[in-house]
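To start, the structure under review is shown below, and the notes come after it.
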Amino acid sequence: LATWTRLLPRRAREAQMQRFCKAQAIQRRLEEIEVTFGELEKEGVKLEKLLRDESASPAELRTQWMNQLLYLVQKKNSLVCEESDLMIAVQELKLEEQQSRLDQQLRRFMSKEEARKTPAERAAEHETLLRLLEVVNERNALIHVQEERRLSEL
């Protein structure tokens, strides 16, 4: 039992650190996407202007510009999807963190003998359990949304 009580908090800290590292990586990628959006927007505006202003340009050149513009739109759509996935991942990390915290609280409540718990402690234990169930259901719903999106993309 003593080893178990020392091991759980350490594992919880390790998991928390992993979530923190994931969150940082997600944040960096979101910032990169934002910069790329700006670059794509500038390039798109330039191509649209060329298409409007250079109506006397050869058809081959206009077709090339149109293809470049379509490529930019595809790239932007791809980034929008990735950004959406990352936002879901952020939400999932937040829920994981809440679940971990609630799980630790519940373990503390449950480690105390039932006969020694005050009515307030019993109520707090019950509230913690209810909140934990809510968080688990929210995570389940997020996973369901991700699966639906993946299936629709296929």
Side-chain angles (χ1 to χ4, degrees), residues 3-55 57 59-111 121 123-154:
T3 305
W4 198 65
T5 55
R6 284 194 317 264
L7 189 62
L8 283 177
R10 185 169 7 133
R11 287 227 171 112
R13 282 191 305 275
E14 288 169 1
Q16 184 179 23
M17 197 60 179
Q18 286 176 339
R19 285 190 298 273
F20 178 73
C21 290
K22 275 185 192 175
Q24 282 185 318
I26 289 170
Q27 185 60 41
R28 274 192 304 274
R29 183 61 188 139
L30 286 170
E31 289 168 2
E32 290 169 2
I33 288 173
E34 199 61 40
V35 168
T36 306
F37 275 153
E39 293 167 356
L40 291 175
E41 187 69 29
K42 286 178 191 171
E43 187 69 23
V45 167
K46 191 170 76 175
L47 285 168
E48 284 179 16
K49 190 172 172 142
L50 282 171
L51 283 166
R52 279 195 204 106
D53 297 347
E54 306 294 329
S55 56
S57 297
E60 284 179 22
L61 193 55
R62 293 179 56 74
T63 301
Q64 183 182 351
W65 292 335
M66 188 60 91
N67 287 338
Q68 287 175 338
L69 192 60
L70 290 173
Y71 171 76
L72 292 178
V73 169
Q74 286 175 334
K75 190 162 176 73
K76 185 177 180 190
N77 287 342
S78 167
L79 288 174
V80 166
C81 287
E82 183 182 356
E83 183 180 45
S84 178
D85 288 342
L86 290 172
M87 296 308 287
I88 289 173
V90 165
Q91 188 62 31
E92 195 171 355
L93 285 173
K94 285 179 183 177
L95 290 171
E96 274 181 40
E97 182 66 34
Q98 286 179 1
Q99 183 176 344
S100 175
R101 194 174 26 78
L102 290 166
D103 191 45
Q104 288 174 20
Q105 285 177 0
L106 195 58
R107 286 179 193 279
R108 279 195 298 275
F109 284 126
M110 295 176 99
S111 68
E121 288 172 326
E125 179 180 359
H126 183 72
E127 280 298 312
T128 302
L129 181 59
L130 291 177
R131 183 64 189 123
L132 182 60
L133 289 172
E134 284 176 22
V135 169
V136 168
N137 287 333
E138 287 176 39
R139 285 186 69 194
N140 190 39
L142 259 184
I143 291 168
H144 184 71
V145 165
Q146 285 175 311
E147 285 304 309
E148 291 292 317
R149 286 188 56 206
R150 284 190 189 112
L151 289 173
S152 71
E153 287 172 7
L154 295 176

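Along the sequence shown, the residues carry numbers beginning at 1.
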Can you measure from [atom1] ([X]) to [atom2] ([Y]) and round to the nearest 0.5 angstrom?
| X | Y | atom1 | atom2 | value |
| --- | --- | --- | --- | --- |
| Cys21 | Leu93 | SG | CG | 11.0 Å |
| Lys75 | Phe37 | NZ | CZ | 10.5 Å |
| Gln104 | Leu132 | CD | CG | 11.5 Å |
| Glu96 | Gln16 | CD | CD | 11.5 Å |
| His144 | Glu148 | NE2 | CD | 4.0 Å |
| Phe109 | Glu127 | CZ | CD | 10.0 Å |

Quick one: does any side-chain atom of [X] pair with a main-chain N or O of [Y] as donor and acceptor, under 3.5 Å?
| X | Y | result |
| --- | --- | --- |
| Ser111 | Arg108 | yes |
| Thr36 | Glu32 | yes |
| Asp103 | Gln99 | no |
| Arg139 | Leu95 | no |
| Thr128 | Ala124 | yes |
| Thr63 | Ala59 | yes |

(message) Show the nearest heavy-atom pair for residues Leu50 and Trp65, with the distance to one decimal.
(response)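 Result for this residue pair: O-CZ3, 3.6 Å.
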(request) Determine the minimum heavy-atom distance between Ala12 and Arg19, stating which atoms define it. (result)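 Minimum heavy-atom contact is O-NH2, 4.4 Å.
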Are the side chains of [Y] and [X] in contact, using a 4.5 Å heavy-atom criterion?
| X | Y | result |
| --- | --- | --- |
| Met66 | Arg62 | no |
| Asp85 | Arg149 | yes |
| Leu129 | Leu102 | no |

For [Y], is there an ion pair with [X] - N to carboxylate O distance below 4.0 angstrom?
| X | Y | value |
| --- | --- | --- |
| Lys46 | Glu43 | yes |
| Glu48 | Arg52 | yes |
| Glu147 | Arg150 | yes |
| Glu83 | Arg29 | no |

(message) Quick check on side-chain contact (heavy atoms from CB on, under 4.5 Å): which of Val73, Val45, Leu72 does Leu40 satisfy it with?
(response)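 Result for side-chain contact (heavy atoms from CB on, under 4.5 Å) with Leu40: Leu72.
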(request) State, without any angle test, whether Gln105 and Arg131 hold a side-chain donor-acceptor pair at a distance under 3.5 Å. (result)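 Judged by distance alone, the side chains do not pair up.
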(message) Can you confirm whether Glu31 is buried at CD, in the sense that more than 12 heavy atoms of other residues, nucleotides or ligands lie under 6.0 Å from that atom?
(response)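 Yes, because the 6.0 Å sphere around CD of Glu31 holds more than 12 heavy atoms from other groups.
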(message) Using a 6.0 Å cut-off, check whether atom CD of Gln146 has over 12 heavy atoms from anything other than its own residue.
(response)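 Check passes, neighbour count above 12.
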(request) Apply side chain to side chain contact (heavy atoms under 4.5 Å, CB included) to Met87 and Leu30, showing your working. (result) CA-CA 9 Å; Met87 296 308 287; Leu30 286 170; 3.8 Å; yes
(request) I would like to know whether Val80 and Ile33 meet side chain to side chain contact (heavy atoms under 4.5 Å, CB included); could you show each step before the answer? (result) CA-CA 9 Å; Val80 166; Ile33 288 173; over 6 Å; no
